[in-house]
Amino acid sequence: MLSKKTVEALNKQLNNEIYSAYLYLSMSARSTFIGLKGFANWFMVQYREETVHAMKIYDYINNQGGLVKLMAIAQPPTEFGTPLDMFEKTLEHEKFITNCINDLVNLAIEENDHATNIFLQWYITEQIEEEANDNEIIFKLKLVGKEGNGLFMIDKELAARVFMPPPTSQGSEA
Ligand code: OFO
């Protein structure tokens, strides 16, 4: 049983996760446009992961007897600057999402809602991984600078990323 406030907050986070998917899909399109197929692949995998994050919340609200309310999805940017800029924007967005998850956990604790608190722990762990992945790629991009060969190598590395649905996703990939 979820409180009205929690349902509202979870619906907001559902929208945030769908926006994340949309943002990374736009980054994937931009990467394809500038010929960085590996980057495009990385962001496409990220897009798919975000749909899982969204659908886990969708399922949770439904399973707890709440009403899912879909909201308008904001238009993501289409220009992101250099590949380094793009990953810095990714990290910035993920830090925003981490804060949103922390706020949700605070609300669950405030409301003595143990089920929602436990549900959200998966997202806490996931956000650590999301930020670590972005930081690692930012580090490499800074290392190679504007050097074409280095960028080519990173693009090749990012091309190898494969989408793997998380075991706790209840098979909810969109
Ligand atoms: Fe859903 O973790 Fe990124 O946004």
Side-chain angles (χ1 to χ4, degrees), residues 2 6-31 36 38-64 66 68-81 83-108 115-141 157-158 160-174:
L2 302 172
T6 299
V7 173
E8 259 171 38
L10 286 170
N11 271 315
K12 178 78 184 71
Q13 189 56 26
L14 171 59
N15 185 266
N16 286 337
E17 299 289 350
I18 293 174
Y19 175 77
S20 298
Y22 227 36
L23 175 65
Y24 298 137
L25 191 59
S26 186
M27 287 182 175
S28 182
R30 169 55 63 178
S31 301
L36 292 171
F39 281 73
N41 172 66
W42 194 94
F43 282 111
M44 185 60 78
V45 171
Q46 195 59 33
Y47 155 76
R48 298 184 72 190
E49 283 203 358
E50 297 299 347
T51 64
V52 172
H53 299 177
M55 289 310 293
K56 278 172 69 72
I57 297 174
Y58 177 94
D59 286 342
Y60 181 73
I61 297 171
N62 278 335
N63 291 341
Q64 288 280 54
V68 168
K69 272 193 205 159
L70 298 177
M71 302 171 205
I73 309 162
Q75 183 181 358
T78 51
E79 307 258 358
F80 303 98
L84 175 60
D85 292 337
M86 191 145 62
F87 268 97
E88 278 176 339
K89 282 169 186 159
T90 299
L91 178 61
E92 194 186 313
H93 180 68
E94 287 308 323
K95 284 182 175 170
F96 162 73
I97 295 293
T98 300
N99 282 334
C100 294
I101 298 293
N102 285 338
D103 288 347
L104 275 169
V105 172
N106 288 343
L107 176 65
T116 301
N117 189 6
I118 288 169
F119 168 71
L120 290 169
Q121 296 311 303
W122 183 87
Y123 288 85
I124 298 276
T125 311
E126 182 69 9
Q127 283 311 116
I128 296 170
E129 197 190 308
E130 297 273 76
E131 289 189 27
N133 288 343
D134 297 341
N135 273 318
E136 193 188 318
I137 297 166
I138 287 170
F139 177 79
K140 287 180 186 166
L141 285 168
E157 194 182 313
L158 299 186
R161 188 181 188 197
V162 176
F163 172 69
M164 276 187 297
T168 47
S169 74
Q170 304 165 22
S172 294
E173 191 210 341

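Predicted model, so just to flag it, every value in this text is computed and none were measured. If you read the sequence from its start, that first residue is 1, and numbering goes on from there. We count ligands from 1, going down the list as the structure has it; atoms in each ligand are counted the same way.
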Could you tell me whether any N, O or S atom belonging to Glu49 is less than 2.8 Å from atom 3 (Fe) of ligand 1? no
When every non-hydrogen atom of Ile57 is compared with those of Gln13, the smallest separation belongs to CD1-CG, 3.6 Å
Measuring to atom 3 (Fe) of ligand 1, does Glu126 have an N/O/S atom at a distance below 2.8 Å? no
One residue to check: Gln127. Relative to ligand 1, which of side chain, backbone, both or neither has a non-hydrogen atom less than 4.0 Å away? side chain
For atom 1 (Fe) of ligand 1, the nearest N/O/S atom on Glu17 is atom OE1
Does the side chain of Tyr24 come within less than 4.5 Å of His93's, by heavy atoms? yes
May I ask you to check if ligand 1 and Gln46 share an N or O to N or O distance below 3.5 Å? no
Under 3.5 Å, is there a donor on one side chain and an acceptor on the other for Asn16 and Lys12? yes
Matching residue for Thr98 among Glu130, Glu126, Glu131 - test: side-chain hydrogen bond (donor to acceptor under 3.5 Å, both in side chains): Glu131
For atom 3 (Fe) of ligand 1, which protein heavy atom lies nearest, and how many Å away is it? Glu50 OE2, 2.1 Å
For ligand 1, find out whether one of its N or O atoms is nearer than 3.5 Å to an N or O atom of Glu130. yes
So, for Ala9 and Leu104, which heavy atoms are closest and what is the spacing to 0.1 Å? CB-CD2, 3.5 Å
How are the rings of Phe119 and Tyr60 set relative to one another: parallel (under 30°), tilted (30 to 60°) or perpendicular (over 60°)? parallel
Of all the N, O or S atoms in His53, which one sits nearest to atom 1 (Fe) of ligand 1? ND1
Per-atom contacts, ligand 1 versus Ser20 - under 4.0 Å to a heavy atom: 4 (O)
When the ring centroid of Phe87 is compared with that of Phe80, is the distance short of 6.0 Å? no
